[in-house]
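Some notes on the structure that comes next.
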Amino acid sequence: MQLFNTLAGKKEPFSPQDPSRVTMYVCGPTVYSYAHIGNARPAVVFDTLARVLRRRFGRVDYVRNITDIDDKINATAAKEGVSIKVIADRYAAAYYEDLAHLGVEHPTHAPRVTEHLPQIISMIERLIAAGHAYAADGHVLFHTLSYADYGKLSKRDEQSLMAGARVEVAPYKKHAGDFVLWKPSSPEQPGWDSPWGRGRPGWHIECSAMAEALLGETIDIHGGGHDLIFPHHENEIAQSVCAHGGKVFARVWMHNGFLNMAGEKMSKSLGNVTLVHDLVKLLPGEVIRLVLLTGHYRAPLDWNEDVVTDAKKKLDRLYGALRELGEVTPAAGVTAPAAFIEALEDDLNTPMALAALFELAREANKATELADKARIKAQLLDAAALLGLLQKGHEHWFSQAPAQAEGGLDAAAVEALLAQRTAARAAKNWAESDRIRDLLKDKGVLIEDSKDGMRWRYL
Ligand code: AMP
Ligand code: ZN
């Protein structure tokens, strides 16, 4: 297996340090509002990677945290006049619900910062004791000059480090690049007791401490979106390496590219922030998942109407192939084809893996022998499961109402009209039968009379 390591700047062979399990930490959401479609990209990408790793190495201990201490959460809680727990619980629940629509499985652990204050404080104490951090004015800061490799992940020199961090120049800092491990809270702000007074942790130390608590000092894979390379991951490395006497923190660093909306960056000021919560009411979650897997995870991905339409058509083709295979029992012991697995094990090349999946769909549509059908069905289902696709059965796929269609018919209404049409045909009332067919067509429902009887689907 090969993975692109941001730290090395190239693809490298991958195997876990402990052959019996892979450890992976992915930075999760800050739960102060609903996740947008860009936030869904790392969730889907690393969910897929976890499936591939599990197949190859057996066990994957996958941690995706919930950041529930953050100034944005404080601001939302203050605005609503509720505790930060109310806000965090609400949006963490929404995050799970939204991602479930996209077929994203639960990680092994989903730690919350509020449950790890002792571990965070202990890590800060160790950093101070080792001379890598200092307390000043109620704050504790990491001293970046104390760590010679600072900047290695983001490949920045000191000047660009400063510019990128947009660091606050504060009188209590020894060096402008030093970043906060702990900061004081005012009486009305959420805070926790610590050796430095009542306060709260900085964002970066939260991840370092939770990774250590759940996965140990050196982890195999650390992931997140491209925007996290600097300063977040650069700072996580500095903290963890320095708290662990120089040990490697993450052996492989993986970053997904950004998702843009119709050629533009998603931003509140442009008004083009699309929430997963809203989108799943309009589209089957599987369409969203497929769009996110259509491009290679490291490349930027554009979200627009065409990619959505294209993904729907692709799923029609895949589910159509399954329908073609009918009630055939999948051949026992047959798994995804080698070309498909090789693509995924080559730095999660999902576009190439999808090409292999469509090749199988083509074979399915041509197959006539029962043995071939059984083999192809087993290969198709096993391959699709690795991508988190085709999990619902073709009947379900073809009976989903396109929710965005005004005045559209749900499956029950379609079935009722079809029963009327069947009755009309039995009575040789062809005019009535055609009228119902045309009515359904107007509503976006296509009827196909085939040798196996009649079937229907939404256009
Ligand atoms: P946040 O809650 O802002 O910390 O983001 C959660 C995750 O979503 C991080 O891994 C980010 O890198 C990632 N992310 C945020 N915006 C985008 C985007 N437009 N495209 C891809 N990933 C994103
Ligand atoms: Zn993190």
Side-chain angles (χ1 to χ4, degrees), residues 6 24-47 49 62-73 76 87-88 91-92 94-96 98-99 102 104 107 109-113 116 120 123 153-154 179 181 201-215 219 221-240 249-250 253-268 270 272-277 279 288 291-293 295-304 307:
T6 307
M24 175 159 86
Y25 186 99
V26 175
C27 298
T30 304
V31 280
Y32 68 100
S33 70
Y34 292 110
H36 59 61
I37 182 70
N39 302 135
R41 191 173 189 196
V44 167
V45 162
F46 289 102
D47 174 74
L49 179 64
Y62 173 18
V63 175
R64 188 188 60 213
N65 69 287
I66 294 279
T67 301
D68 62 351
I69 299 181
D70 183 275
D71 287 352
K72 290 193 270 301
I73 303 178
T76 309
I87 300 297
Y91 292 113
Y95 185 72
Y96 292 131
D98 294 342
L99 290 189
L102 310 195
V104 174
H109 305 281
R112 292 187 181 214
V113 184
H116 290 86
I120 292 169
M123 195 174 223
L153 179 74
S154 50
F179 59 88
L181 302 176
W203 172 36
H204 317 304
I205 195 76
E206 299 173 348
C207 281
S208 281
M210 288 186 286
E212 176 194 72
L214 288 153
L215 299 173
I219 60 181
I221 299 171
H222 195 313
H226 206 260
D227 58 322
L228 299 187
I229 295 175
F230 187 82
H232 185 53
H233 288 166
E234 196 70 74
N235 292 353
E236 278 191 44
I237 294 177
Q239 297 161 157
S240 297
F249 173 36
W253 284 88
M254 293 179 70
H255 295 97
N256 64 270
F258 250 44
L259 180 138
N260 298 312
M261 292 305 270
E264 283 179 319
K265 196 175 175 251
M266 219 188 312
S267 81
K268 281 212 177 101
L270 288 170
N272 62 355
V273 177
T274 299
L275 304 178
V276 181
H277 205 67
L279 208 54
I288 303 173
V291 172
L292 295 177
L293 293 177
H296 189 268
Y297 79 90
R298 277 192 284 125
L301 180 73
D302 198 55
W303 183 276
N304 55 55
V307 295

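In listed order, ligands and their atoms are each counted from 1.
Under 4.0 Å from ligand 1, the heavy atoms of His36 that appear belong solely to its side chain. Using a 4.0 Å cut-off between heavy atoms, Asn256 contacts ligand 1 through its side chain alone, with no backbone atom that close. Looking at Asn39 against ligand 1, both its backbone and its side chain come within 4.0 Å, counting heavy atoms.
Nearest non-hydrogen protein atom to atom 17 (C) of ligand 1 is Phe258 CZ, 3.4 Å. Counting protein heavy atoms only, atom 21 (C) of ligand 1 is closest to Gly38 O, 3.3 Å. In terms of protein heavy atoms, atom 13 (C) of ligand 1 is closest to Pro42 CG, 3.7 Å. Summary of contacts: the protein heavy atom closest to atom 9 (C) of ligand 1 is Leu228 CD1, 3.8 Å. Protein heavy atom at the shortest distance from atom 19 (N) of ligand 1 is Leu259 O, 3.2 Å. In terms of protein heavy-atom proximity, atom 10 (O) of ligand 1 is nearest to Gly225 N, 3.0 Å.
Those atoms of ligand 1 that come under 4.0 Å of a heavy atom in Asp227, given as number and element, are 11 (C), 12 (O).
By the 4.5 Å heavy-atom criterion applied to side chains, Val45 and Met254 are not counted as neighbours. The closest side-chain heavy-atom distance from Ile69 to Ile73 is not below 4.5 Å. Within the 4.5 Å cutoff, no side-chain heavy atoms of Pro29 are placed close to those of Asn39.
Side-chain polar atoms of Tyr25 and Asn65 form a donor-acceptor pair below 3.5 angstrom. Side-chain contact check for His204 and Gln239: no donor-acceptor pair (N or O, by modelled atom type) lies under 3.5 Å.
Vertex the Zn ion (ligand 2), arms ending at OE2 of Glu236 and SG of Cys207: the angle is 110° after rounding to 10 degrees.
The shortest N or O to N or O distance between Thr30 and ligand 1 is under 3.5 Å.
Taking 2.8 Å as the criterion, His232 counts as a coordinating residue of the Zn ion (ligand 2), since one of its N, O or S atoms falls below it. Not a single N/O/S atom of His204, whether from backbone or side chain, sits less than 2.8 Å from the Zn ion (ligand 2).
We find the CD1-CH2 distance between Ile219 and Trp253 to be 6.5 Å, quoted to the nearest 0.5 Å. Atom CE of Met210 and atom CZ of Arg64 lie 12.5 Å apart (nearest 0.5 Å). Taking OG1 from Thr76 and CD1 from Ile87, the interatomic distance works out to 6.0 Å, rounded to the nearest 0.5 Å.
For Gly257, the heavy-atom gap to ligand 1 drops under 4.0 angstrom.
Proximity of a side-chain donor or acceptor of Asn256 to a complementary backbone N or O of Tyr297 within less than 3.5 Å is not detected. Proximity of a side-chain donor or acceptor of His109 to a complementary backbone N or O of Pro111 within less than 3.5 Å is not detected.
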